[in-house]
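One structure is given here, and the rest of the page talks about it.
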Amino acid sequence: MLSKLFSPIQIGPMTSKNRLLMSAMSINFGVDENCCVTDQLIEYFVERAKGGVGMMLVGGGGVHPGGQELPDLPQMYRDDCIPALKEMVQRVKPYDTLFGVQLMHGGRQSYLPQKVAPSALPAPAVVKGEVRALTIDEIKALVSCFGDSARRCQAAGFDFIEIHGAHGYLINQFMAPNSNIRTDEYGGSFENRTRFLFDIIADIQAKTGKDFPIGIRINGNDYIENGWGLDEAVRLAPLLETAGIVYLHVSGGVYGSTELTIPSMYTPHGCFVHLAEAVKRQVSIPVITVGRIKYPDHADQIIQEGKADMVAMGRSFLADPYYPEKARKGEFSRIRPCVGCCLGCIHAVLAKEPGSCVVNPDVGREYKLKQEALPDQSLKILIVGAGPAGMAAARQFAVQGHQVLVCEKKQNTGGVLFLASTAPGREELNDILVFFKQELDRLNVEIRYDTALSLALIHDINPDKIILATGSLPDMPVIKGLFQTKMDLVTNVDVISGNAQVGHRVIVLGGGMTGLITADFLADQGKQVVVLNRKKRFAEEMSSNDRYYLRERLKKGDVSLHKNVSIKGFIDDGVVFKAQGEEMTLTGFDSVVISEKQRPIREAKKLEGKTHVPFYLIGDAKSPRHLMYCISEAEEIARAL
Ligand SMILES: Cc1cc2nc3c(=O)[nH]c(=O)nc-3n(C[C@H](O)[C@H](O)[C@H](O)COP(=O)(O)O)c2cc1C
Ligand code: SF4
């Protein structure tokens, strides 16, 4: 049992019912044209409070229009936004969750074209635009903006605020030598670089009174050259305690760092715990850790071992708002797991789109779904294919009270996603398949294996609707010499499933996500790999966070990457192609692995004309795309029919 995770904890004047904090996430939806919160954001938080989290933070609370991180975030610099914030607090209140706002200024990491920062130095990655150094008067005015914003949060009824001093935003920019080269009282020594933060704390306390709880998020390590490091975090921690801060939340990374703040599936779980552990030794106030802590027993163990007092999770609360309640009851298999892809969440918001989640399409739609009633008529649904789309649809139909049967041609569930999960570092993709399979068992949905769709089956079952989720397979391109070459010709599916062996020197045709994952799979076995990408960019369909770690892996293997190539033709033991205006001939290869486009599998659709039952295509069978669209389409059809 989770003896620690669900024990209460005192944080300053507050008591949290458990040790779980939903960390601040700038979700980029749910505000009106004045950046006041709307029902969309309110219901997003109500749902998560209902799910049982002890503490919860609104992300990206801007203190000044010039420091906005993203376009659609709640702004705390306007008094006229207080009534909507008040309503949000009131709607969350009944669920006994401590509710706070994270206050931040983006500085040089703001999305705006004109940015301000301690020094006129651009952020090393992600954002572009002009950066101007703040004057002393402007610094003092911004300090005051933090205090005023905290006062508004207090007026709206929030339980606490968190100062965002991490992740390379303005406060962190002042603290880190690589972004602060000022020579006045705000630059140079440790005292000067942390002065902005302490001025802010004093201003907030002056405006809200000493009893209003202030937490702070700091980096334990920026993971960038000449950045803020653990030695300084450890030095700062007791000073913050003395200043009256009620908790320290220790994270890591800035834009362009070598370890990312929002790490993908390739990184170990609990990657920043050691930072919190080091800080915790210096203070007696609660210390919170964060970063790829996903499984409840892991979170519990961190607290048991005294490495932190609380565990913050971000993405797990997007994937499943009811994570705490399910964990508390020991229903671990019912938790919808975040798979660490970073695509629906951080990748989307940094592209200035509303945040969502690949495995949970309900994020941001809570306000619409709460009005939905279950259908009054129970239908008989036959689902063809037990890949992610088929299983997601089957689950949702069953949840809505319909009778569901899934037939699957193979002897196992998961489709190509299961294969993808067997590639190095991508095992977590299987978690979502395991979740759906366990849900189907719980909901008593039968899966008939070794069973293709046939007229006999349709007559036997007599369904009201047939959903085809039959997936896709690799498409063979037509390229001169490809079918005449003496090299082995196989597909990525053949290789990853182990159905085909390849020689030592391999050409992978395709530089999308599957191409790069296949290259990594082969390099991991010690093969020498050349990737030919006919597109301009590599793996555009991946999130930049996930792609970053994959590219780092590829650098360690014997892999060479060529993009924007035009292939002249394959020859007996190699290929002739043009890249960057230069013609190249590669010889001495053993195998070619095709990993470009996928083609939908739709054989079963031929039966449509022979029965009166309507057919619906979903997932890759409709059009091969990313997992995100498979799951959302699958759940959508179950709601729509
Ligand atoms: C969409 C998204 C937005 C985020 N925005 C913020 C933010 O505004 N402030 C912040 O301190 N951290 C932000 N984070 C980082 C998370 O709070 C958290 O530290 C990170 O996701 C790692 O925790 P996890 O592995 O449990 O998701 C964001 C993360 C995501 C996924
Ligand atoms: S989009 Fe991917 S990484 Fe983000 S919360 Fe969902 S499953 Fe996790």
Side-chain angles (χ1 to χ4, degrees), residues 20-29 44 56-62 68-70 72-74 100-106 109-110 162-169 171-172 215-220 249-255 259-273 275-276 288-295 298-299 311-321 323 335-364 388 428-429 431-432 435 542-543 545-546 626-628 631-632:
L20 280 167
L21 164 74
M22 174 173 150
S23 62
M25 282 179 286
S26 298
I27 202 69
N28 206 35
F29 63 66
Y44 160 83
M56 177 166 84
L57 276 160
V58 178
Q68 237 175 295
E69 183 199 3
L70 291 165
D72 291 314
L73 295 177
V101 178
Q102 187 188 56
L103 294 181
M104 69 172 296
H105 187 294
Q109 289 185 178
S110 151
E162 180 179 276
I163 299 173
H164 197 348
H167 303 166
Y169 295 105
I171 296 174
N172 193 171
I216 179 159
R217 198 172 215 195
I218 54 166
N219 270 355
H249 185 168
V250 187
S251 185
V254 301
Y255 286 8
E259 298 295 327
L260 303 184
T261 300
I262 306 164
S264 94
M265 60 182 89
Y266 286 106
T267 44
H269 288 176
C271 48
F272 301 138
V273 172
L275 304 175
I288 305 175
T289 185
V290 71
R292 294 262 299 144
I293 303 163
K294 172 171 159 176
Y295 301 116
H298 182 209
V311 168
M313 297 181 188
R315 290 166 291 175
S316 287
F317 283 101
L318 296 181
D320 195 338
Y323 181 115
I335 296 173
R336 196 185 275 242
C338 162
V339 294
C341 63
C342 302
L343 190 75
C345 54
I346 191 62
H347 191 77
V349 302
L350 289 178
K352 301 186 202 76
E353 284 164 17
S356 181
C357 173
V358 163
V359 301
N360 179 15
D362 293 352
V363 173
E428 250 169 70
L429 289 171
D431 285 5
I432 189 65
F435 165 77
M542 285 177 102
S543 71
N545 291 30
D546 201 17
H626 193 274
L627 177 65
M628 173 142 95
I631 296 182
S632 63

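Predicted model, so just to flag it, every value in this text is computed and none were measured. For ligands, and for the atoms within them, numbers begin at 1 and follow the listed sequence.
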Do the side chains of Q109 and V254 get nearer than 4.5 Å, heavy atoms only? yes
Numbering as shown, the atoms of ligand 2 that approach G340 to under 4.0 Å (heavy-atom distance): 3 (S), 8 (Fe)
Which residue from Q102, H269, K294, H347 reaches closest to atom 9 (N) of ligand 1 through any of its heavy atoms? Q102
Give the atoms of ligand 2, by number and element, whose distance to some non-hydrogen atom of V339 is under 4.0 Å. 7 (S), 8 (Fe)
Return the orientation label for the H269 and H298 ring planes: parallel under 30°, perpendicular over 60°, tilted otherwise. parallel
What one should report as the nearest heavy-atom pair of Q68 and S110 is O-OG, 2.8 Å
At what distance is the nearest protein heavy atom to atom 5 (N) of ligand 1, and which residue and atom is it? S26 N, 2.8 Å
Taking the side chain as every heavy atom from C-beta outward, state whether F272 and T267 have any atom pair closer than 4.5 Å. no
Could you list the atoms of ligand 1 found under 4.0 angstrom from a heavy atom of G60? 8 (O)
Heavy atoms of I27 and V349 approach each other most closely as O-CG1, 3.6 Å
Mind listing the closest non-hydrogen atom pair of H249 and V290 along with its distance? NE2-CB, 3.7 Å
One finds that the ligand 1 atoms under 4.0 Å from a non-hydrogen atom of R315 are 21 (O), 24 (P), 25 (O), 26 (O), 27 (O), 31 (C)
Numbering as shown, the atoms of ligand 1 that approach H167 to under 4.0 Å (heavy-atom distance): 10 (C), 11 (O), 12 (N)
Under 4.0 Å to a heavy atom of M313 - the qualifying atoms of ligand 1, by number: 26 (O)
Hey, which of D320, L429, I432 is the one that makes side-chain contact (heavy atoms from CB on, under 4.5 Å) with V359? I432
A student checking ligand 1 against T261 at a 4.0 Å heavy-atom cut-off should list atoms 20 (C), 22 (C)
Would you mind finding which of V363, I262, V290 brings a heavy atom closest to atom 15 (C) of ligand 1? I262
Under 4.0 Å from one or more heavy atoms of S23, ligand 1 contributes atoms 16 (C), 17 (O), 18 (C)
Do the non-hydrogen side-chain atoms of N545 and H347 ever get within less than 4.5 Å of each other? no
For G291, state whether at least one heavy atom is located under 4.0 Å from any atom of ligand 1. yes
Distance-only, no hydrogens or angles: does the S356 side chain make a donor-acceptor pair with backbone N or O of G344 under 3.5 Å? no
Contact check, G355 vs ligand 1, heavy-atom distance below 4.0 Å: no
Whether C341 has an N, O or S atom under 2.8 Å from atom 2 (Fe) of ligand 2: yes
Compare every heavy atom of V339 with every heavy atom of E428, then report the nearest pair and how far apart it is. O-CG1, 3.4 Å
Heavy atom of the protein closest to atom 6 (Fe) of ligand 2 (residue, atom name, distance): C357 SG, 2.4 Å
Backbone or side chain, does C342 get an N/O/S atom under 2.8 Å to atom 4 (Fe) of ligand 2? no
For the student: nearest non-hydrogen atoms of C338 and A319, plus distance: N-CB, 3.6 Å
What atoms of ligand 1 come within less than 4.0 Å of a heavy atom belonging to R292? 24 (P), 25 (O)
Give me the nearest non-hydrogen protein atom to atom 11 (O) of ligand 1 as residue plus atom name, then the distance to 0.1 Å. R217 NH1, 2.6 Å
Starting from atom 8 (Fe) of ligand 2, locate the nearest protein heavy atom and write down its residue, its atom name and how far away it is, to 0.1 Å. C338 SG, 2.4 Å
Tell me: protein heavy atom nearest atom 4 (Fe) of ligand 2, and distance? C345 SG, 2.4 Å
Hey, does C342 have a side-chain heavy atom less than 4.5 Å from the side chain of I262? yes
Quick one: look up the protein heavy atom nearest atom 5 (S) of ligand 2 and list residue, atom name and how far away it is. R315 CB, 3.4 Å
Using a plain distance cutoff, I'd like to know if I27 has any nitrogen or oxygen under 3.5 Å from a nitrogen or oxygen of ligand 1. no
Do N219 and H167 touch side chain to side chain, with heavy atoms closer than 4.5 Å? yes
